[in-house]
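Each chain gets a letter, A, B and so on, in the order the sequences are listed, and its residues count up from 1. Values in this document were obtained by computation on a predicted structure and should not be read as measured data.
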Amino acid sequence: MSPYAIRRLRNGAATGLSIAATIAGVGALFLILGALLWEGVGSLSLSVFTEMTPPPGASGGLLNAIVGSLIMTAIAIVLGTPLGILAGTYLAEYGRYNRFTFVVRFVNDILLSAPSIVIGLFVYEIVVAPAGHFSAYAGALALALLVVPVVLRTTEDMLLLIPRELREAASSVGMPRSVMIIRIAYRAARAGMLTGVLLAIARISGETAPLLFTALNNQFFSADVTRPMSSLPVVIFQFALSPYADWQALAWAGALIIALAVLALNIAARVLAAGRQPT
Amino acid sequence: MSEMVVSTAYLSPGTAAAAPVARAKAIQRLQAGDTIFRLLTLFSAVLVLALLGGVIVSLMIGAAPAFQAFGWRFLIEQSWNPVTERFGAIAPIYGTVVTSLIAMVIAVPVGLAIAMFLSELCPMWLRRPLGIAIELLAGIPSIIYGIWGLFVLAPILQTTVQPALIELFGPVPLLSALFAGPPYGIGTLTAGIILAVMVLPFITSISRDVFQTVPAVLKEAAYGLGATRWEVFWQVVMPYARAGVIGACMLALGRALGETMAVTFVIGNAHRISASLLAPGTTISATIANEFTEAVGDLYTASLIALGLLLFVITFIVLAIARYLLMRLEQQEGRA
């Protein structure tokens, strides 16, 4: 074979393999979504949303888990978002060029991908162990600690995108810096910052590991944040690994609910972010 | 919201000029508000650093009994026995490393191939939808991967892939040990495959972004010399993008090492080191997730927290290297 033919062959092989890899990657997404729809839709019914998690063998739903997830996610967002926004504001507005900002940004980027189960252990150590019992607020705190890096990162990125002229114009009419940030910079970066919050919700609504030993689980309905509370991911974990067919069916239904919610949040965040860009 | 009221008053000079005293007071209040806001943001930024310190310190305190009892032997001891209270971390460490290695062996070539397709081959109209599809893979929670791995992937592997592997490598020396034993479906290999699917999007999306920073002039020059597409990719694009690609792979590795739920579903939770990839094993995170709430006795709990500390330190180092590489890249771009 001539060197030219070998080169062409190599090029053809590489092209073919890269197309195959892309098909495999996109195929994986469709396989997962397909399995979720296939198994999940069959187990989805009105009772999933209206009844409590059942004991093995009885019929029931996921109401307490859904409510528990909503409560803890809401608390986590309320706790984590302001902290993330304020810290992001410092990095982008006050300390843009100093070394401290560099360190915080570096650490935050690491926290962004750090294993969430370690955050669960941390909250167990500082909240659950001293209090002597598992509680929903410990779970919410663990989730809040996962919210902070996401919100911080997007807030900083969005504030950095704001043109300098906007800030200068605000300052030139005598606006103090804090007022300029709150009324001009935040307003200009609003959509991007909201995207960050949506992504943070998407991130924590499927988190299981940090809840396992903070909020634990609860077979009954509870809105009391000082007691253990069930959540969708933990119930899915427990039910999917059980030997009971109806528990496994409920786990699939729960997985479908979470996946749809997370996909919807991701798409909403994407639309929101795209709407802001001139392209 | 006193600041808002004050600021509007401040912006209308007519009223402020009429009363110089009120004006001085208003400015004072503004300055106070300004300082408070600045300190608040600074405090929040410090809190992020404190969070990292807090995690490390609290885990060290929690793990102290285990390290006192076992010393450095904790790292190399194989037994994990709650009854005799003898705990060692080598089996979970081994499982964590092996599953992550399998994931990287699969995900790095596939992820780079997809990135190459997206940046060099793909028709323009298809780039965005395909890119979004790959990124959506990254958004799927790990528990979904877990349930899918357990009920869909594991049975497929058990009935088709694993018997084929056993048959294929059975006669080959050395490799036969890797693929020995009955096909359980769940086990180290399955966990590695699931992890590969999970970290694939990170490798692809970062590499694609890095590939797109390669100046078109470089590629065009190579094409002008008669290079094939593959030669341009391998000899021009890859060397240019090397640091970013390594950063992306390290980031993916960090994710794989720390991933918990998906692995917990399919690893099989057996505290032993098997040569065979088909055998059940365990990882650091899976051990913690499975046993923490049921752990009785201080030494048991402390040993699990010590595992958590190990995991955090390992992933921290890997992620720090990844971020360092990617950050240097961003700075280079900024200068160019």
Exercise for review: Identify which of A:L36, A:L121, A:T15, A:I267 forms the greatest number of heavy-atom pairs closer than 4.5 Å to chain B.
Suggested key: A:L121

Check your understanding: Is the shortest heavy-atom distance from the side chain of B:V266 to the side chain of B:L153 under 4.5 Å?
Key -> no

Check your understanding: Heavy-atom distance under 4.5 Å to chain B: side chain of A:Q248, backbone, both or neither?
Key -> side chain

Exercise for review: Sort B:F202 into side chain, backbone, both or neither according to what part of it lies under 4.5 angstrom from a heavy atom of chain A.
Suggested key: neither

Practice item. Write out all pairs satisfying salt bridge (Lys or Arg N to Asp or Glu O under 4.0 Å) with one or both partners inside residues 133-150 of chain B, taking only residues at least two apart or from two chains. Key: A:R270-B:E135, B:E135-B:R208

Check your understanding: So which part of B:L59 gets closer than 4.5 Å to some heavy atom of chain A, the side chain, the backbone, both or neither?
Key -> side chain

Revision key, fill the gap. Interface check, chain B: of A:I85, A:I32, A:V26, A:V103, most non-hydrogen pairs under 4.5 Å belong to A:I32

Practice item. Could you tell me which portion of A:A251 (side chain, backbone, both or neither) has an atom closer than 4.5 angstrom to a non-hydrogen atom of chain B? Key: both

Review point. Do the ring planes of B:W234 and B:W230 sit parallel (below 30°), tilted (30 to 60°) or perpendicular (above 60°)?
Key: parallel

Review point. What part of A:F237 is in contact with chain B, defined as an atom under 4.5 angstrom from a non-hydrogen atom: side chain, backbone, both or neither?
Key: both

Practice item. Go through the atoms of A:L152 and report whether side chain, backbone, both or neither lie under 4.5 Å from a heavy atom of chain B. Key: side chain

Check your understanding: Under a 4.5 Å heavy-atom cutoff, which of B:L112, B:I305, B:L118, B:T35 has the most pairs with chain A?
Key -> B:I305

Study note, to complete from the structure: With chain B, the option among A:A202, A:S205, A:G206, A:A21 that has the most non-hydrogen atom pairs under 4.5 Å is A:A21

**Study point:** Interface moiety of A:I23 toward chain B, non-hydrogen atoms closer than 4.5 Å
**Key:** neither

**Study point:** Check: B:G258 main-chain N/O paired with B:T260 side-chain donor or acceptor under 3.5 Å
**Key:** yes

Exercise for review: Counting only heavy atoms closer than 4.5 Å, note whether A:Y124 contacts chain B via side chain, backbone, both or neither.
Suggested key: side chain

Exercise for review: Would you mind telling me which of B:L200, B:L40, B:I140, B:L51 has the largest number of heavy-atom pairs within less than 4.5 Å of chain A?
Suggested key: B:L51

Point to revise | Heavy-atom contact with chain B under 4.5 Å, split by part of A:L216 | key: side chain

Review point. Checking heavy atoms, do the side chain of A:V104, its backbone, both or neither come under 4.5 Å from chain B?
Key: both

Point to revise | Within-4.5 Å side-chain heavy-atom neighbours: B:T41 and A:E93 | key: no

Exercise for review: For the pair B:F292 and A:F213, name the ring-plane relationship: parallel under 30°, tilted 30 to 60°, perpendicular over 60°.
Suggested key: tilted

Point to revise | Non-hydrogen side-chain atoms of B:I186 and B:F265 separated by less than 4.5 Å | key: no

Study note, to complete from the structure: Bottom line for B:I144: the part with an atom under 4.5 Å from chain A's heavy atoms is side chain

Check your understanding: Using a cut-off of under 4.5 Å for heavy-atom pairs, which of A:V262, A:I258, A:T208 has the most such pairs with chain B?
Key -> A:T208

Practice item. May I ask you to decide if B:L257's main-chain N or O and B:T96's side chain share a donor-acceptor pair within less than 3.5 Å? Key: no

Revision key, fill the gap. Whatever's closer than 4.5 Å to a heavy atom in chain A on B:I134 counts as side chain

Review point. Is it true that A:E156 and A:R105 have a side-chain N and a carboxylate O under 4.0 angstrom from each other?
Key: yes

**Study point:** Heavy-atom pair count under 4.5 Å with chain B, highest-scoring of A:D109, A:L111, A:V107, A:N108
**Key:** A:D109

Practice item. Between chain B and each of A:A209, A:A14, A:G120, A:S113, count heavy-atom pairs under 4.5 Å; write down the option with the most. Key: A:S113

Practice item. Measure distances from A:N11 to the heavy atoms of chain B and classify the residue's part below 4.5 Å as side chain, backbone, both or neither. Key: both

Exercise for review: Can you see which heavy atom on B:A113 is nearest to which on A:L17, and at what distance?
Suggested key: CB-O, 4.5 Å

Check your understanding: Is the count of non-hydrogen atoms from other residues, nucleotides or ligands lying under 6.0 Å from A:R96 atom CZ greater than 12?
Key -> yes

Exercise for review: Determine the option with the most heavy-atom pairs under 4.5 angstrom with chain A, choosing from B:T315, B:V152, B:V57, B:L49.
Suggested key: B:L49

Review point. With no hydrogens and no angle check, is any side-chain donor or acceptor of A:S69 less than 3.5 Å from a backbone partner on A:S231?
Key: no

**Study point:** Top contributor to chain A contacts, counting heavy-atom pairs under 4.5 Å, from B:S142, B:G146, B:A289, B:A322
**Key:** B:A289

**Study point:** Sole residue of A:T101, A:N98, A:L159 in side-chain contact (heavy atoms from CB on, under 4.5 Å) with A:L91
**Key:** A:T101

Point to revise | Which portion of B:V197 sits near chain A, non-hydrogen atoms under 4.5 angstrom | key: side chain

Exercise for review: Go through B:V110, B:I147, B:V318 and name the one with the most non-hydrogen pairs under 4.5 angstrom from chain A.
Suggested key: B:I147

**Study point:** Greatest number of heavy atom pairs closer than 4.5 Å to chain A - which of B:L150, B:L251, B:I132, B:I61
**Key:** B:I132

Check your understanding: Under 4.0 Å between a Lys/Arg side-chain N and an Asp/Glu carboxylate O for A:D157 and A:R153?
Key -> yes

**Study point:** Sub-4.5 Å side-chain heavy-atom contact between B:F37 and A:T89
**Key:** yes

